[in-house]
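Every heavy atom of this structure was used, including side-chain atoms; hydrogens, water molecules and symmetry mates were not.
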Amino acid sequence: MQHGPAVRRRKLGAELRALRTGAGLTSGEAARLVGWHQSKVSRIETGASGVKPADVRLLLDAYGVQDSQLRELLLVLAGSDEGGGQHHWWHAYRGVLPPTYRDFISLESQASAMRTLETSVVPGLLQTPEYARAVTRAAVGGLTDEAADADERLDALVAVRLARQDVLHGDPPMQLSAVLDEAVLRREIGGPEVMARQLRRLVEAARLPQVRLQVLPFAAGEHVGITGPFVIFSFSRTSDLDVVVLDHLTSSLYLERKEDLQAYTEAFNALRIHALSPEESLDYIAALAGGA
């Protein structure tokens, strides 16, 4: 397990190495093209050292990479807050976002698909503003340094969570597949009215073609996801960038090994088998929303 920046360096290095070999270049030839020493190219490709977005641009130009989406994804992995010469939307919130959260958002913004198991709360991409505020207040209420700044920080974090939801309406939209433990639907967050609106929002979301929701009922008993929630990000340009994210209170851990990806993919597939079908899940959530 690694923290976000280390994972990004290794994944970026591996992709740059693949692009170099695809261009028919040795590391020495690539270094000469951009005016570097060969050791710098080697350190970048092994993830031993970080790389500036400007250096990534130089390498991509040298390798003849024209795919704009792939270029932007690799620049995001390099830690760039800019794409196409413009700041990403989360740049305005850098002062309140921890680095690991920025890593998560940057990957989420470029992912083509997201698979997630949620055991406690509704996925952030599907939360209503009121529900998001209640969850965020509970999560960070004890982490603020100055009480006077608490409300302002809370407002900013809620705004970020809602802005993240735009990935579901992009062109093309992210494909979201979520398995929700029944506890997610039963846990009253924000009060009865807030929860009722949130359940109705889930019903609306479940009807979107890019969203697949399944409920894992209590009757399923023990299951492979009982140890906690997780997220799997997938990228259309290259599966080598796929990553599993385990979220914690103050940080996130990233699992990048193929063995880890396979294990969590198999776990997610098993959870889907034990969960209600999307149609049954929609009916179940709608029934709860009707009685909320």
Side-chain angles (χ1 to χ4, degrees), residues 3-5 76 79-83 86-111 114 116-170 174 176 178 180-181 183-205 211 213 228-231 233 245-254 285 288-289 292:
H3 290 287
V76 166
S80 174
D81 281 316
E82 299 182 14
Q86 296 182 342
H87 287 306
H88 289 299
W89 63 263
W90 60 86
H91 181 83
Y93 299 95
R94 287 179 64 88
V96 297
L97 296 179
T100 51
Y101 194 14
R102 294 201 301 269
D103 289 334
F104 184 91
I105 295 173
S106 67
L107 291 173
E108 181 182 71
S109 71
Q110 296 296 318
M114 174 179 173
T116 182
L117 165 69
E118 290 292 349
T119 58
S120 297
V121 298
V122 170
L125 296 182
L126 302 178
Q127 293 178 4
T128 65
E130 299 88 352
Y131 186 99
R133 178 171 291 273
V135 169
T136 305
R137 182 185 293 113
V140 305
L143 302 179
T144 51
D145 296 326
E146 297 291 339
D149 297 333
D151 288 341
E152 184 176 346
R153 184 183 183 211
L154 178 62
D155 289 343
L157 290 173
V158 172
V160 167
R161 181 157 297 200
L162 299 179
R164 285 172 46 205
Q165 299 177 2
D166 286 347
V167 297
L168 293 177
H169 307 284
M174 172 194 278
L176 173 64
L180 309 182
D181 191 279
V184 171
L185 309 176
R186 297 288 184 179
R187 178 172 289 104
E188 189 175 283
I189 290 178
E193 293 183 2
V194 169
M195 197 62 202
R197 285 193 291 271
Q198 179 61 70
L199 290 172
R200 290 194 291 270
R201 171 72 180 95
L202 286 177
V203 171
E204 296 172 0
V211 176
L213 291 185
F230 60 85
V231 170
F233 284 128
V245 185
L246 306 179
D247 203 21
H248 297 272
L249 182 62
T250 58
S251 65
S252 297
L253 292 176
Y254 295 70
I285 298 171
L288 287 178

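- Side-chain atoms of E188 do not come within 3.5 Å of backbone N or O of V194 as any donor-acceptor pair.
- The two residues L154 and R133 have their closest heavy-atom pair at CD2-NH1, 3.4 Å.
- Between L168 atom CG and L176 atom CG the span is 5.5 Å, to the nearest 0.5 Å.
- Residues passing the side chain to side chain donor-acceptor pair (under 3.5 Å) test with R197: none are found, sequence neighbours excluded.
- By the salt bridge (charged side-chain N to carboxylate O under 4.0 Å, His left out) test, R161 is found to be paired with no residue, residues two or more places apart in sequence or in another chain being considered.
- With sequence neighbours excluded, no residue satisfies ring pair (Phe, Tyr, Trp, His ring centres under 6.0 Å) with Y101.
- Under the rule for a side chain to side chain donor-acceptor pair (under 3.5 Å), D166 has no partner lying at least two apart in sequence or in another chain.
- Scored by the salt bridge (charged side-chain N to carboxylate O under 4.0 Å, His left out) test, E108 finds R164 as partners (sequence neighbours excluded).
- Scanning all heavy atoms of the two residues, the minimum distance from L246 to P229 falls at CD2-O, 4.1 Å.
- Residues satisfying the salt bridge (charged side-chain N to carboxylate O under 4.0 Å, His left out) criterion with R201, sequence neighbours excluded, are absent altogether.
- Using a distance-only test at 3.5 Å, with no hydrogens or angles considered, a donor-acceptor pair links the side chain of Q165 to the main chain of G124.
- V211 and A205 make their closest contact through CB-O, 3.3 Å (heavy atoms, listed as atom of the first residue, atom of the second, distance).
- The line from CD of E118 to CG of L126 is 9.5 Å long, rounded to the nearest 0.5 Å.
- Scanning both residues, T119 and G228, for their nearest heavy atoms gives CG2-C, 4.3 Å.
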side-chain contact (heavy atoms from CB on, under 4.5 Å) assessment of L288 paired with R186: CA-CA 9 Å; L288 287 178; R186 297 288 184 179; 3.5 Å; yes
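- The closest donor-acceptor contact from the side chain of R187 to the backbone of S120 lies under 3.5 Å.
- Of all heavy-atom pairs spanning P129 and V158, the tightest one is O-CG1, 4.2 Å.
- Interatomic distance, CD1 of I105 versus CD of Q110, reported as 13.0 Å (0.5 Å rounding).
- In terms of modelled atom types and a separation under 3.5 Å, the side chain of Y131 and the main chain of V122 share a donor-acceptor contact.
- With a 4.5 Å cut-off on side-chain heavy atoms, L125 and T116 do not count as touching.
- Counting all heavy atoms, side chain and backbone alike, Q127 lies closest to V121 at NE2-CG2, 4.5 Å.
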